[in-house]
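Report on one structure; see the data block that follows.
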Amino acid sequence: MVLDHVQYERKGWQNRNYVASKNGPVLLTVPVIQQSRDERIMDKLIDNSQHWREKHRRAIAEHCYRGAPFMEDFGKKFLRIYKEEWEYLSDLATATTRFILESFKITTPVVCASELGDFPGQKSELLAQLSAKVGATTMLSGDGARGYVDESVFQRYGIGVEWQQFQHPEYPQRTSPKGEFLPRMAALDLLLNVGPEGLDLLRGARPADAAE
């Protein structure tokens, strides 16, 4: 589920991500128009007065992934996304996300929260309501959310909470400084370096008790 109807987070990760270069991580940012602090993600406009698309394209095609093992197979198709002038950040995010899902052959259905109606809850209550709306029995959450996810709220809706014990695998990166592995890059980095089998690499890195 894409939580697109909540407040946009300034200086967060909703409009940027890292790719790997020989000089270290490169942060690719989509500039947005700053209006009200209460703007929802789905309403956030891209600032197309800046030449961000060409900057991203050159970083990916010329500086970071030229000659990468899967650049021919997937990189050129990804770069087509930059040929379109996107108006809304959420539409661009949807396009890049769907590209990654299709490339890794992930067929999990995707739905936007904004398509499901209005929900009165906030924080854990909102997440539990949305989970119940789509018939979920479990919410998978990052371990960093333990401080603010209230499991008792989910229990009232008959939904369990599982904590993701993510362990970052290492894989061959064609562009990294002095052969050092750069973790926490965009999923595109894994795809262009390893290909669709990168998904098996991620699954293989899960702890044994979480692999069921």
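Heads up: numbering here begins at 1 and tracks the sequence.
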Can you see whether [X] engages [Y] through a side-chain donor-acceptor pair at a distance of less than 3.5 angstrom?
X     : Y      : value
Asp43 : Tyr8   : no
Gln34 : Arg10  : yes
Tyr65 : Asp189 : yes
Asp4  : Ser90  : no

For the pair [X] (side chain) and [Y] (backbone), establish whether a donor and an acceptor sit closer than 3.5 Å, ignoring hydrogens and angles.
X      : Y      : value
Asn15  : Pro31  : no
Gln129 : Phe119 : no
Arg203 : Leu199 : no

Are [X] and [Y] side-chain neighbours, meaning at least one heavy-atom pair lies under 4.5 Å?
X      : Y      : result
Ile41  : Leu3   : no
Leu140 : Val161 : no
Val30  : Trp86  : no
Thr96  : Ile100 : no
Cys64  : Val19  : yes
Tyr18  : Val26  : no
Leu202 : Leu190 : yes
Thr108 : Leu101 : no

I need the minimum non-hydrogen distance between [X] and [Y], along with the two atoms involved.
X      : Y      : answer
Ile46  : Trp52  : CG2-NE1, 3.6 Å
Phe166 : Pro169 : CZ-CD, 4.3 Å
Val110 : Val2   : CG1-CG2, 3.8 Å
Ala68  : Leu192 : CB-O, 3.6 Å
Ala59  : Leu28  : CB-CD2, 3.9 Å
Ser131 : Ile159 : CB-CD1, 3.4 Å

TODO: Test Tyr148 against Lys123 for side-chain contact (heavy atoms from CB on, under 4.5 Å), laying out the working first.
DONE: CA-CA 8 Å; Tyr148 57 85; Lys123 299 182 179 180; over 6 Å; no
Do [X] and [Y] sit in the same hydrophobic cluster, where Ile, Leu, Val, Met, Phe, Trp and Tyr count as joined when their side-chain heavy atoms come under 4.5 Å apart?
X      : Y      : answer
Met42  : Met1   : no
Leu89  : Phe78  : yes
Met139 : Val134 : yes

For the atom pair [atom1] ([X]) and [atom2] ([Y]), what is the distance rounded to the nearest 0.5 Å?
X      : Y      : atom1 : atom2 : value
Phe99  : Arg80  : CZ    : CZ    : 9.0 Å
Gln50  : Thr29  : CD    : OG1   : 10.0 Å
Leu182 : Glu180 : CG    : CD    : 7.5 Å
Arg16  : Gln14  : CZ    : CD    : 10.5 Å
Tyr157 : Leu130 : OH    : CG    : 10.0 Å

Task: side-chain hydrogen bond (donor to acceptor under 3.5 Å, both in side chains) between Asn23 and Ser21, worked out - done: CA-CA 5 Å; Asn23 296 320; Ser21 77; 4.8 Å; no
Task: Exceeds 12 heavy-atom contacts within 6.0 angstrom, atom CD of Glu62 - done: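 Enclosed: over 12 neighbouring heavy atoms sit under 6.0 Å from CD of Glu62.
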- [ ] Carefully, step by step, assess Met185 and Gln173 under the rule side-chain contact (heavy atoms from CB on, under 4.5 Å).
- [x] CA-CA 11 Å; Met185 298 294 102; Gln173 282 176 323; 3.9 Å; yes
- [ ] Scan Glu9, Glu39, Glu87 and name whichever one has a salt bridge (Lys or Arg N to Asp or Glu O under 4.0 Å) with Lys44.
- [x] Glu39
Open item on the list: Under 4.5 Å side-chain heavy-atom separation, chaining through any Ile, Leu, Val, Met, Phe, Trp or Tyr, what else clusters with Tyr88? Say none if it is isolated.
Closed with: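 Its cluster mates, by chain and number, are Ile33, Leu45.
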Open item on the list: Just to verify, which of Arg58, Glu54, Arg57, His56 counts as forming a side-chain hydrogen bond (donor to acceptor under 3.5 Å, both in side chains) with Tyr82?
Closed with: His56
Open item on the list: I'd like to know if Arg156 and Glu125 make a salt bridge, using a cut-off of under 4.0 Å between side-chain N and carboxylate O.
Closed with: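 Result for this pair is yes, salt bridge flagged.
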TODO: Taking only Lys NZ, Arg NE, NH1 and NH2, and the carboxylate oxygens of Asp or Glu, determine whether Arg53 and Glu84 approach each other closer than 4.0 Å.
DONE: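 No, this pair does not count.
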Task: Pairwise salt bridge (Lys or Arg N to Asp or Glu O under 4.0 Å) hits with a residue in residues 99-114, at least two apart - done: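 Those involving residues 99-114 do not exist here.
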Open item on the list: Give me each pair satisfying salt bridge (Lys or Arg N to Asp or Glu O under 4.0 Å) with a member in residues 135-152, each pair once, sequence neighbours excluded.
Closed with: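 Counting only pairs at least two positions apart or across chains, the salt bridge (Lys or Arg N to Asp or Glu O under 4.0 Å) contacts touching residues 135-152 are Asp143-Arg146.
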Task: Ring centroid separation His168 to Phe181 under 6.0 Å - done: yes
Open item on the list: Once you measure the plane-to-plane angle for Phe74 and Phe70, does it fall in the parallel (<30°), tilted (30-60°) or perpendicular (>60°) bin?
Closed with: tilted
Task: Asp200 vs Phe104, side-chain contact (heavy atoms from CB on, under 4.5 Å): CA-CA, chis, key distance, verdict - done: CA-CA 10 Å; Asp200 295 329; Phe104 282 116; over 6 Å; no
